[in-house]
Amino acid sequence: MKIASFNINGVKARADALGAWLDATQPDVAVLQEIKSTDETFPRALIEDRGYNLETHGQKGFNGVAILSKLPLEDVTRGLPGDDDDIQARWIEATVVDRRAVRICGMYLPNGNPVELDAGGQPVTGGKYAYKLAWMERLHARARDLLMLEEPCVLLGDYNIIPQPEDAARPEVWREDALFRPESRAAFRRLLNLGFTEAFRTRTPGPGHYTFWDYQAGAYQKNHGIRIDHILLSPQGADLMRDCQIDADVRAGDKPSDHVPIWVELDA
DNA sequence: ATGTCAGTAACGTACTGA
């Protein structure tokens, strides 16, 4: 079972690029982020005409996530638990059953910029950085509950976290950014420390592997990228891993997203 | 040195969020 994540930066603006990638890569399951579309205005035919089932969790103008799958999507839930007042569309879950049942959790983790800290160095309440860190607390709680099921589970998407200096071409540029601040990286480590495996790094160590390049200043041509899209596997999921790759060449296509897909192949 | 893009409100173009 090939399971992919792709921040497409606007599904309606990305019809050609998304269609071409689906045709070329043929994932069994894919999660999308930043669809920037409501459920009603999502271009469903783009997905369904290729034989995929589709579940969306959209929002007008920004954010928005979706899951598509060649097999049926079961037990679909929308929204990250833990804050009923949070209206941002950033989380969707579904179960896909082939030889094994796999729980798929697609996320668009908050960016968190600008970083606003008070005189004591604490994130300012109501600010975007505080929202990011609070969202990661809720993610930790959900991830802990999912681990207790002791089943193959995949948490994937745009984490908006640069885990280590080698995950940025120029880490010094990101030092004070919400994607690389110590609090953000510590929250990501706490997630891993629950017992999840970061799929890409079990197979490909070292610098130079990125999933995002800014549209500005020729970042892709200079390979000034960052690795912020990740796939985390529960222990039962990690047992099944066969491969994990970043489709970096997608960034060189026509009208590309600023992110590229990352995928994992499970023996499931 | 600078450099972009998608979507909104609204039909110009400034604004938001990345």
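Below, chains carry the letters A, B, ... as their sequence lines are ordered, and counting in each starts from 1.
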Query raised in the report: For the side chain of T41(A) and the backbone of S37(A), is there at least one donor-acceptor N/O pair under 3.5 Å apart?
Result: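 No, T41(A) side chain to S37(A) backbone: no donor-acceptor pair under 3.5 Å.
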Using atom [atom1] in both nucleotides, what's the gap between [N] and [M] to the nearest angstrom?
| N | M | atom1 | result |
| --- | --- | --- | --- |
| dT2(B) | dA6(B) | P | 24 Å |
| dT8(B) | dG12(B) | C1' | 14 Å |
| dA10(B) | dT16(B) | C1' | 16 Å |
| dG3(B) | dA9(B) | C1' | 27 Å |

Could you list all N or O pairs between the protein and nucleotides 9-15 of chain B that sit under 3.5 Å apart?
residue	atom	partner	partner atom	Å
dA9(B)	OP2	K60(A)	NZ	3.4

Let me know the distance between [atom1] of [X] and [atom2] of [N], rounded to the nearest Å.
| X | N | atom1 | atom2 | result |
| --- | --- | --- | --- | --- |
| I35(A) | dG7(B) | CD1 | P | 11 Å |
| H224(A) | dG3(B) | NE2 | P | 16 Å |
| K255(A) | dT4(B) | NZ | P | 15 Å |
| I8(A) | dA6(B) | CD1 | C1' | 11 Å |

Report task. For this output row, return yes or no: ring centroids of W174(A) and F180(A) closer than 6.0 angstrom. Result ->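 Not close enough - the centres of the two rings lie 6.0 Å or further apart.
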**Report entry** H259(A)/F6(A) aromatic ring centres below 6.0 Å
**Finding:**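 When the ring centroids of H259(A) and F6(A) are compared, they turn out to be at least 6.0 Å apart.
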Query raised in the report: Would F200(A) and H209(A) count as a ring pair (Phe, Tyr, Trp, His ring centres under 6.0 Å) if you check the C-alpha gap in whole Å, the side-chain angles of each, and the deciding distance to 0.1 Å?
Result: CA-CA 10 Å; F200(A) 186 76; H209(A) 304 286; 5.6 Å; yes
Query raised in the report: Does one side chain, of W213(A) or D258(A), offer a donor that lies under 3.5 Å from an acceptor on the other?
Result: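 Side-chain D/A pair, W213(A) to D258(A): absent.
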Query raised in the report: Is a side-chain donor-acceptor pair under 3.5 Å present for N111(A) with K128(A)?
Result: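 No, N111(A) and K128(A) have no side-chain donor paired with an acceptor closer than 3.5 Å.
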Requested in this report: Scan G218(A) against the nucleic acid and name what it touches under 4.0 Å (heavy atoms): base, sugar-phosphate only, or nothing.
Outcome: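 Nothing, no nucleic acid heavy atom in range.
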Would you list the protein and nucleotides 16-18 of chain B atom pairs, both N or O, that sit under 3.5 Å from each other?
residue	atom	partner	partner atom	Å
dG17(B)	OP2	K128(A)	NZ	3.4
dA18(B)	OP2	K128(A)	NZ	3.4

Requested in this report: Would you tell me if any nitrogen or oxygen in the side chain of K222(A) comes within less than 4.0 Å of OP1 or OP2 on dG3(B)?
Outcome: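 False: K222(A) side-chain N/O out of range (4.0 Å or more) of dG3(B) OP1/OP2.
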Query raised in the report: Taking for each residue the nucleotide of DNA chain B bearing the nearest heavy atom, is the 5' side occupied by A217(A) or by G61(A)?
Result: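 The residue mapped nearer the 5' terminus is A217(A).
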Query raised in the report: Do the charged groups of E172(A) and R170(A) touch, with an N to O distance under 4.0 Å?
Result: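 So E172(A) does not pair with R170(A) through a salt bridge.
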Query - Test: R242(A) and D267(A) ion pair at under 4.0 Å - result: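 Looking at R242(A) and D267(A), the cut-off is met.
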With a 3.5 Å cut-off and sequence neighbours excluded, list the donor-acceptor pairs that the side chains of residues 187-199 of chain A form with protein atoms.
residue	atom	partner	partner atom	Å
N193(A)	ND2	R189(A)	O	3.3
E198(A)	OE1	R227(A)	NH2	3.0
E198(A)	OE2	R227(A)	NH1	2.9

